[in-house]
Amino acid sequence: MKYIFLIITFFASIAHAQVINKTDSNRLDKKIAEKDTLVIDSGKKDSLKIFKPTINDYQYQTQFSEKKVFDTVMSFDKTYIFTQYNNKDNFGRAQFANVGAGFNPLSFEVNAEQNLSLLPTNKSYGILGINDIQYYDVKTPTATFIYHNTMKNGAALKSTYTQNIGKRFNFAVEYMGLRSQGLYRNSLAANNNTLFSGHYISKSGNYELFAHYLHQNVNNQENGGITRDDLFQDGDSNSSNRQNMQINLSSSSSQFSYRRYYLSHQFTPFTAEKFPFRIRHTIFHQGNKYFYHQNALEGYWYTNANELVNGYSLGTQKFSNNLSNTVSLVFDKENLKLDAGVRYQMLEFGLENGITINDVAYPTKLKENRLGAVGNLEVKLFDKIHLNSFLEFSKGSEFGNYLKTTNNLRFEPIKDYFVNAKVNFQSVYPSFNYLLNTSIYNRFNYYLQDAKNQSITEIGGNINLKWFKTELFANYFRIDNYTYFDSSAQPKQSESSLNISQIGGDATFSYGNFHLNTRLQFQNALSNKDLYPMPSFIGRANIFYQGKWFKKAAEVQTGVKIYYFSKFATREYLPIINEYILPGSGSFSIGGQPMVDIYFNMKIKKMFFFIEGQQVGSAISNNKAYAFPHYPVYDFRLNIGIVWYMFN
């Protein structure tokens, strides 16, 4: 990490050489764009003009999207984001006792990053997809830091440095490092990612390029949970120091690596006003690797030698690769954008070590070449209607045909009152982690032959009202050929559909400087309830005060947060594959216990401080809350976060 700070220091030292840099011409009128945002001039003919940037000169975007200004406002939702190690609002999830160890998803989620790739679910919560990468346009060199303390020993730091070279080229370097020992034995989390990104647009605007390189690691020791749940629940004095509690696994760990090289660029061969057509080319390679290691056989997984595979290695190693190449024709008008193209892919998924079980030889590599088509449509009408549609189809022999479409409609008949509606569908081969696994333990070997596409239909939307900043939402999912792991950790596909409904709302009530924010979600599996157990209710409340202190030099936010989900018979966590399996005979229900946090947040200029006492109830009485059976949630801790924007 010290090299990252050296790089930041170096660029900061040369930052003062950049005095004049024009404002983003994509957002402003061309005549205005020729001038800087704020000019300070003494009025004399030969005087030196000083160009002073404002916050509007510091922007970011995802590829080929509209630019947004850096958000440095102290809004209440940031207490949900910057107190989490993955810097996301994790509503609808239950966290393990250690940060960086993943979550229990309490409601159904669709993760497109798992499509046609190897991505164990419990390794997916910090992964950055292609559409998550941010590209910048800044007037002066800019650095941001997001810091969290972690459990016992360690820290989490995300640092970003970005700078424009001239008006048309920007580069950024980002590093995130997390290390947390955890409260329990053998629960160390060590995650990191390195990101290099660049954005270039030519002087005429006829050529534009986005590129990035990303390497992420999600590494965790796996302790299999505690052996004596009765001691934890009874508050046994010998177990108050969590390091004294016995665990099920003593020498196991899992590692996930995610690496991507990405380039997308487009060229306008003719005058855009007369012929608004562009040619776009996108190519990327993504490689995923998953390892499960153990230094010795773990007695928790077997009872006698007949349950082992003779001569097999102690570890498991899997990988997947995706080389994708797309050429598209883009029609781009102010209120209508349409692109359509052809995509060629080379996919492979495999194991480092093959195995034969019951005379069935498990393949060590599955691969194919695929040809398909992609298309996007964006329509804007009267500044009231905004439609976005995406379609992708590809044909394959090994991993089946692939079809995905997303359709989102935003309608705003009156300012600040709008409706978002969505209809999404995907039919895709099961995530590669469901297809194959090899292990020295016989019970964890599986090969899902002749798998069928899992089809997911999603219909829903939300209504946003200005009154009390209210959002009402509803979602319906229909999953055909639902793919899951049974209680024996074997992959299965349901013969009948799984139907899930979700309905809820979010609102903020204010009286002077005092506020109450609540979010409620009711959900139910309308069929096949036993295949996806979930709590019927998830809710949270945030009661807080927000105001200016110290002669308005600082903005303060302080309050109480309560998080609750109803009791239910949850799935279990299986560390060997980092997935969730249906509950077995030794499982038990979790939930039904509120988790309370007390916090004090403060903003001084462009720096935020987040101080939070989490799980304060466990400082008074015994902690009995679980993320999974045998996996308690964290005890009381002081959670500290710092967010610092440095605009040079």
Side-chain angles (χ1 to χ4, degrees), residues 26-27 60-68 110-117 128-135 197 199-201 205-212 260 262-270 272 275-284 286 322-345 370-395 401-412 418-428 456-461:
N26 293 329
R27 285 175 55 94
Y60 67 94
Q61 67 179 128
T62 57
Q63 62 172 0
F64 303 114
S65 68
E66 293 183 358
K67 295 183 179 182
K68 299 179 181 179
V110 180
N111 186 356
E113 291 300 313
Q114 293 181 306
N115 293 347
L116 299 179
S117 71
L128 298 175
I130 289 173
N131 294 323
D132 296 320
I133 304 301
Q134 294 182 352
Y135 304 89
S197 63
H199 174 222
Y200 171 77
I201 185 167
N206 287 348
Y207 180 77
E208 187 171 17
L209 176 148
F210 296 90
H212 69 258
R260 181 171 61 244
Y262 183 86
L263 169 67
S264 186
H265 52 151
Q266 62 181 18
F267 174 66
T268 306
F270 309 108
F275 303 98
F277 291 96
R278 296 175 179 155
I279 300 172
R280 181 178 297 170
H281 172 237
T282 301
I283 185 170
F284 70 86
Q286 183 169 299
N322 179 0
L323 175 61
S324 177
N325 198 359
T326 307
V327 178
S328 303
L329 182 64
V330 182
F331 177 82
D332 190 351
K333 294 286 285 185
E334 183 178 358
N335 295 322
L336 175 63
K337 295 181 181 181
L338 173 66
D339 69 76
V342 178
R343 174 170 293 173
Y344 172 76
Q345 287 178 292
R370 303 173 66 91
L371 189 64
V374 295
N376 289 276
L377 172 65
E378 181 178 359
V379 179
K380 296 180 181 179
L381 295 176
F382 316 115
D383 294 327
K384 302 293 184 182
I385 299 174
H386 191 181
L387 172 67
N388 277 289
S389 292
F390 167 79
L391 174 67
E392 179 179 357
F393 172 79
S394 64
K395 191 175 181 61
N401 296 337
Y402 176 82
L403 174 63
K404 180 185 178 184
T405 178
T406 59
N407 304 275
N408 296 276
L409 175 66
R410 178 188 171 99
F411 176 52
E412 188 175 7
F418 57 89
V419 177
N420 289 319
K422 60 183 176 182
V423 178
N424 302 329
F425 176 80
Q426 68 175 36
S427 176
V428 58
I456 303 176
T457 302
E458 179 183 5
I459 302 173

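Checking each of Q266, H265, R278 against Y207 for a side-chain hydrogen bond (donor to acceptor under 3.5 Å, both in side chains) leaves exactly one that passes, namely H265. When R370, K404, R343 are each tested for a salt bridge (charged side-chain N to carboxylate O under 4.0 Å, His left out) with E392, only one passes: R343.
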### Message
Determine whether V342 and V327 satisfy the following criterion, side-chain contact (heavy atoms from CB on, under 4.5 Å), listing intermediate values before the conclusion.
### Response
CA-CA 6 Å; V342 178; V327 178; 5.8 Å; no

### side-chain contact (heavy atoms from CB on, under 4.5 Å) between L336 and L377, intermediate numbers included
CA-CA 8 Å; L336 175 63; L377 172 65; 3.7 Å; yes

### Message
Please determine whether side-chain contact (heavy atoms from CB on, under 4.5 Å) holds for the pair N408 and N420, giving the CA-CA distance in whole Å, both sets of side-chain angles, and the decisive distance to 0.1 Å.
### Response
CA-CA 7 Å; N408 296 276; N420 289 319; over 6 Å; no

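When all heavy atoms of I130 and E113 are compared, the closest pair comes out as N-OE2, 4.2 Å. The two residues N388 and H386 have their closest heavy-atom pair at ND2-NE2, 3.3 Å.
The environment of F275 atom CZ is sparse: at most 12 non-hydrogen atoms of other residues, nucleotides or ligands sit within 6.0 angstrom. Counted within 6.0 Å of NZ on K384, heavy atoms from surrounding residues, nucleotides or ligands total more than 12; the atom is thus considered enclosed. Shown here is D132, whose CG atom has more than 12 heavy atoms of other residues, nucleotides or ligands within 6.0 Å.
Using modelled atom types and a 3.5 Å distance limit, the side chains of S389 and N407 yield a donor-acceptor pair. In this model, a donor atom of one side chain and an acceptor atom of the other lie less than 3.5 Å apart for N376 and D339.
Between T326 and V374 the shortest side-chain heavy-atom distance falls below 4.5 Å. Side-chain contact check for T282 versus Q63: every heavy-atom pair is 4.5 Å or farther apart. With a 4.5 Å cut-off on side-chain heavy atoms, V379 and I385 do not count as touching.
Aromatic ring centroids of F270 and F277 lie 6.0 Å or more apart.
Taking OH from Y344 and OG from S394, the interatomic distance works out to 12.5 Å, rounded to the nearest 0.5 Å. The CZ atom of F284 sits 8.5 Å away from the CG atom of L323 when rounded to the nearest 0.5 Å. Considering NE2 of H199 and CD of Q134, their distance stands at 13.5 Å, rounded to 0.5 Å. In this structure, the separation between CD1 on I133 and CD on Q61 is 13.0 Å, given to the nearest 0.5 Å.
The side-chain tip of R410 points at the ring of F418 from less than 6.0 angstrom away and within 45° of straight on.
Within the 3.5 Å criterion, the main-chain N or O of F390 finds a donor-acceptor partner in the side chain of T405.
Below 30°, between 30° and 60°, or above 60°: for Y135 and H212 the angle between ring planes is between 30° and 60°, a tilted geometry.
The pair E66-K380 meets the salt-bridge criterion, with a side-chain N (NZ, NE, NH1 or NH2) lying under 4.0 Å from an Asp/Glu carboxylate O.
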